[in-house]
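All remarks here apply to the structure that follows.
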Amino acid sequence: MSENSKLEPSNFIRNIINDDLKNNKNDGRVHTRFPPEPNGYLHIGHAKSICLNFGLAEDYEGGLCNLRFDDTNPEKEDVEYTDSIQADVKWLGFDWADRLFYASDYFEQLYEYAVILIKDSKAYVDDLSYDEMRALRGTLTEPGKPSPHRDRSVEENLDLFKRMRAGEFVPGERILRAKIDMASPNMNMRDPAIYRIRKVIHHKTGDEWCVYPMYDYTHCISDALEGITHSLCTLEFEDHRPLYDWFLEQLPVKCHPQQIEFARLNLNYTVTSKRKLNELVTEGLVLGWDDPRMPTIVGMRRRGYTPESIRDFCNRIGLTKTDTIIDVGVLENCVREDLDKRTRRVLAVLNPLKVVIENFPEGEVEYLDAPYHPNNPDMGQRSLPFSKEIYIEQDDFMEDPPKKFFRLGPGREVRLRYAYFITCNEIIKNDAGEVIELRCTYDPETKGGNAPDGRKVKGTIHWVSAEHALKTQVRLYDRLFNDPKPDSKKHEKDWKSFINPESISTCDSACLEPSLVDAKTEECFQFERTGYFNVDSKDNFNGKPIFNRTVTLRDSWAKQKNR
RNA sequence: UGGGGUAUGGCCAAGUUGGUUAAGGCACAUGGUUUUGAUCCAUGCAUUCCGAGGUUCGAGUCCUCGUACCCCAGCCA
C-alpha cells in the first residue's frame with residue numbers, strides 16, 4: 001500500500017459523479033465547464049471553481065472541461081477581460097485544449113430556439129415598461145399578475161420578436177418573456193425575461209445584434225450544446241435550477257446537463273466580489289487589479305503566490321453547500337509550505353543597523369560558503385562576502401533586552417549566520433538617542449559559525465556586508481483589511497473604512513546579499529528569518545529588482561512577545 | 001407555513017444504505033531536533049455531532065417539533 005498516494009478529496013459532487021458513472025449516466029462521460037463573465041479579473045473565489053471544474057476533468061478518465069465566456073451582456077464586457085481570464089487559467093496550470101467557447105457563439109441558435117418557444121406559446125413579447133413589469137411581478141409573499149400582453153397570438157409575437165431583432169424598437173420598449181407562472185412562489189419562474197434590446201457593440205459580435213439573451217436562458221442551452229454533463233455553479237443559483245430545467249425541457253436539445261450548486265469561497269480579512277474589487281481599483285484604494293494586496297489571481301501572482309499553492313489551497317478547503325468563511329491563515333500556510341521546499345535561502349537586511357567589527361582587518365574581504373537550502377544540498381551554495389562593516393536587522397538588537405531575547409545586546413555574543421560569533425562592546429547613538437551603530441568584535445576561531453571550544457550561543461542573526469550590499473526597495477505586504485469581515489452587513493461603517501493602513505510599507509534602504517542582483521522577475525526567495533519574497537514583475541528601483549513580501553515566516557518569538 | 005438552502009471542535013471538513021473508541025487539514029499547546037525563535041518530528045486538543053422529544057439492542061446518520069443563519073422581488077451574471 002502506497003502511503004504517499006494522495007487521496008482524492010471526498011465531496012458531495014464527486015459522490016454524485018461516482019453514482020452517475022456507476023449507473024452509466026451520460027455514457028460514462030464527465031464534462032464540466034468554467035463559465036466566467038468577461039467583466040472583471042479572476043479572483044481566489046474563481047480559483048475554487050476553476051480547480052473544481054478542471055480538477056474533476058483531470059481526475060476522471062476521459063474527463064473534459066471547457067472554458068466558456070458568458071458574454072451575454074455587452075454593456076459590461078470587454079476583451080481586456082477575456083484575455084486576462086485565459087492567461088490566469090493557464091497560469092494556474094489548466095488547459096481547455098481546443099474547447100474555448102463564447103456564449104455569443106450560440107446567438108443564432110439561441111434566437112432560433114426562442115422562435116420555437118414562441119411558436120409553442122411558451123414565450124411572448126411584452127410591451128410593459130421596466131417599472132410596470134416590476135409592479136406586476138408581485139413580492140416574495142404575494143403572487144404576481146399577468147401582463148396584458150401575455151396572451152398575444154403566436155403570429156403577433158413572431159412578428160414583434162423579428163422586429164426586435166431588426167432594431168425597430170428602442171431599448172426597454174419590448175422584451176421577450178418566457179410564459180411560465182406569474183403565481184409561482186419562485187420569483188424566477190414568474191415569466192422571466194429571455195431577450196432584451198441593447199444597442200451596443202459586443203466585444204465579439206460587434207453590431208450584429210441588438211437583442212441579447214439573458215443568463216438563465218443562455219446558460220442552460222450553452223451547457224446542452226456543449227454536451228456538459230455536470231454544470232457546477234454557486235448557491236445563489238439554486239433557485240434558478242427549475243428555470244434551467246424548464247428551458248431544456250421545452251427545447252429540442254441533445255442533452256440535459258445536471259446543475260449542481262456549491263458554496264462560494266469566502267475568505268476573512270479580504271473581499272471577494274467583483275463589484276467591490278472593481279471599486280478598490282477605480283477609486284485608487286489599491287494600485288490596480290494586480291496590486292499584490294488584491295485577492296485577484298494577477299495580484300496574488302505578483303505577490304508571489306505560486307499556482308501550486310493556490311491549487312493546494314482549493315483542494316484543502318473542501319467543497320460543500322455550507323456557507324463558510326475560510327481563515328486566510330490556511331492560504332498563507334499553503335504558500336509557506338510550497339515555498340519552503342522550492343526557494344533558495346538568502347540573507348537580506350530590511351531595516352539596517354550598522355555594525356563595525358573592530359578587530360577585523362580594514363579593507364579585507366573574506367568569502368564564506370553558505371548553502372542555499374539547509375535541508376536540500378542539491379540547491380547548491382554561494383559565497384558571501386564578509387568585511388569590517390556589516391548591517392544587521394534593527395530588530396535583532398535591544399539595548400535592554402528581556403530574558404528570553406536571544407539576539408544581540410550590550411555585552412552579548414551571537415552568531416552571524418554562516419560567518420562568525422560577534423560580541424557587542426559599544427553602542428553609538430545619535431542626538432535623538434537612537435542607536436545608529438554598534439561596535440563589536442568577532443572571534444576568528446568561530447569561522448563558519450562553530451566555536452572550537454564548544455561554547456554555544458543562543459541566537460543566530462542574518463547580516464550583509466556593507467560595501468557589497470545590494471541596496472534596493474523591499475515592499476512589505478500585509479492583509480488588505482484589518483477586520484475579519486470588512487463587508488459584514490453587521491458593520492455600521494463602510495467596508496472600505498477597514499482597509500489596513502499597514503497593508504503596504506516599503507523599506508527603501510534594504511541591504512540584500514549581492515547574489516540577488518541577478519534575480520529574475522517573479523523569482524521567489526526566502527529571506528532568512530523574515531519571510532518569502534519575490535521579484536516584482538512591474539517595477540524596479542533604479543534598475544535594481546524590487547522584492548515583494550509574499551508572506552512572513554512563522555514567528556513564535558512574535559507570539560511569545562505578545563503574551 | 002412565500003420559496004429555496006445550510007447547521008459536526010477556534011476555522012474548514014470526512015462521515016455512501018443506522019453498528020464498536022466521531023477521519024484529516026489549519027490554528028493552538030507541550031516536548032525533541034536545528035547555525036533561520038523557520039523547517040522537521042512526537043504528543044495533546046469534540047463522552048459528542050444546532051436544540052428538544054421519539055423509534056431502535058444500537059443514531060451524527062431515521063421520525064417529529066423547534067431554533068439560528070444564508071439566498072431570491074435586474075430588461076446583471
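First the proteins, then the strands, lettered A, B, ... as listed; each starts at 1. What you see is a predicted model, and the numbers here were worked out from it, not measured in a lab.
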Check every strand shown and say whether A:Asn450 touches a base, only sugar-phosphate, or nothing at a heavy-atom separation below 4.0 Å.
base
Please give the distance between the C1' atoms of B:C41 and B:G54 as a whole number of Å.
49 Å
Is there a side-chain contact between A:Arg549 and A:Leu350 (heavy atoms, below 4.5 Å)?
no
Mind checking what makes side-chain contact (heavy atoms from CB on, under 4.5 Å) contact with A:Arg382, not counting sequence neighbours?
A:Val346, A:Leu347, A:Ala370, A:Tyr372, A:Leu384, A:Glu513
Can you measure A:Asn268 atom CG to B:A27 atom P for me and round it to whole angstrom units?
13 Å
Show every salt bridge (charged side-chain N to carboxylate O under 4.0 Å, His left out) that has at least one partner inside residues 70-82 of chain A, sequence neighbours left out.
A:Glu75-A:Arg198
Residues two or more places apart in sequence or in another chain: which of them pass ring-ring contact (aromatic ring centres under 6.0 Å, His included) with A:Phe169?
none
Is A:Arg241 touching bases, backbone alone, or none of the nucleic acid, heavy atoms closer than 4.0 Å?
nothing
In B/S/- notation (B base, S sugar-phosphate only, - none; protein heavy atoms under 4.0 Å), nucleotides 7-15 of chain B written 5' to 3' is S---SSSSS
Interatomic distance, A:Arg264 CZ vs B:C71 C1' [rounded to whole Å]:
11 Å
Any heavy-atom pair between the side chains of A:Pro36 and A:Phe69 that's under 4.5 Å?
yes
I would like to know whether A:Tyr418 and A:Gln381 meet side-chain hydrogen bond (donor to acceptor under 3.5 Å, both in side chains); could you show each step before the answer?
CA-CA 11 Å; A:Tyr418 300 129; A:Gln381 60 175 43; over 6 Å; no
So what does A:Lys274 touch, heavy atoms closer than 4.0 Å: a base, only the sugar-phosphate, or nothing?
nothing
Restricting to side-chain contact (heavy atoms from CB on, under 4.5 Å), what partner residues turn up for A:Arg407, sequence neighbours left out?
A:Asp395, A:Asp396, A:Phe405, A:Ile461, A:Arg529, A:Trp557
When Watson-Crick pairs (N1 to N3 and N6-O4 or O6-N4) and G-U wobble pairs (N1-O2 and O6-N3) count only below 3.5 Å on both distances, what is the dot-bracket string of RNA chain B, with | for other-strand pairs?
.(((((((.[[[..)...(....]]].(((((.......))))).....[[[[[..)....]]]]])))))).....
side-chain contact (heavy atoms from CB on, under 4.5 Å) against A:Met214, all qualifying residues, sequence neighbours excluded:
A:Ala193, A:Arg196
For nucleotides 72-77 of chain B, 5' to 3', base contacts (B), sugar-phosphate-only contacts (S) and non-contacts (-) with protein non-hydrogen atoms under 4.0 Å give BBSBBB
Using side-chain contact (heavy atoms from CB on, under 4.5 Å) as the criterion, list what pairs up with A:Asp453, not counting sequence neighbours.
A:Ala451, A:Arg455
C1' gap between B:A22 and B:U47, integer Å:
11 Å
Strand contacts (RNA chain B) in residues 331-351 of chain A, 4.0 angstrom heavy-atom criterion
A:Asn333, A:Asp340, A:Arg345
Taking 4.0 angstrom as the limit, do A:Arg316 and A:Glu337 come out as a salt bridge?
yes
Using whole Å, report how far CZ of A:Arg412 lies from P of B:G37.
14 Å
Quote, to the nearest angstrom, the P distance that separates B:C26 from B:A59.
33 Å
CD of A:Gln560 versus P of B:G37: gap in Å, rounded?
12 Å
All pairs passing salt bridge (charged side-chain N to carboxylate O under 4.0 Å, His left out) where residues 132-145 of chain A contributes a residue, at least two apart
A:Asp131-A:Arg134
Which residue pairs pass the salt bridge (charged side-chain N to carboxylate O under 4.0 Å, His left out) test when at least one of the two sits in residues 174-190 of chain A, sequence neighbours left out?
A:Asp126-A:Arg177, A:Asp127-A:Arg174, A:Asp151-A:Lys179
For atom CG of A:Asn376 and atom P of B:U36, their distance in whole Å
16 Å
Should B:G74 be called syn or anti, with syn set as within 90° of 0?
syn
How about A:Phe313 and A:Tyr305: are their ring centres within less than 6.0 Å of each other?
no
Given atom CG of A:Leu553 and atom P of B:U36, what is their separation to the nearest angstrom?
11 Å
Just compare B:U36, B:C71, B:G5 and give me whichever is closest to any side-chain atom of A:Lys489.
B:C71
Quick test of your reading of the model: are A:Arg33 and A:Glu226 salt-bridged, counting only N-O distances below 4.0 Å?
no
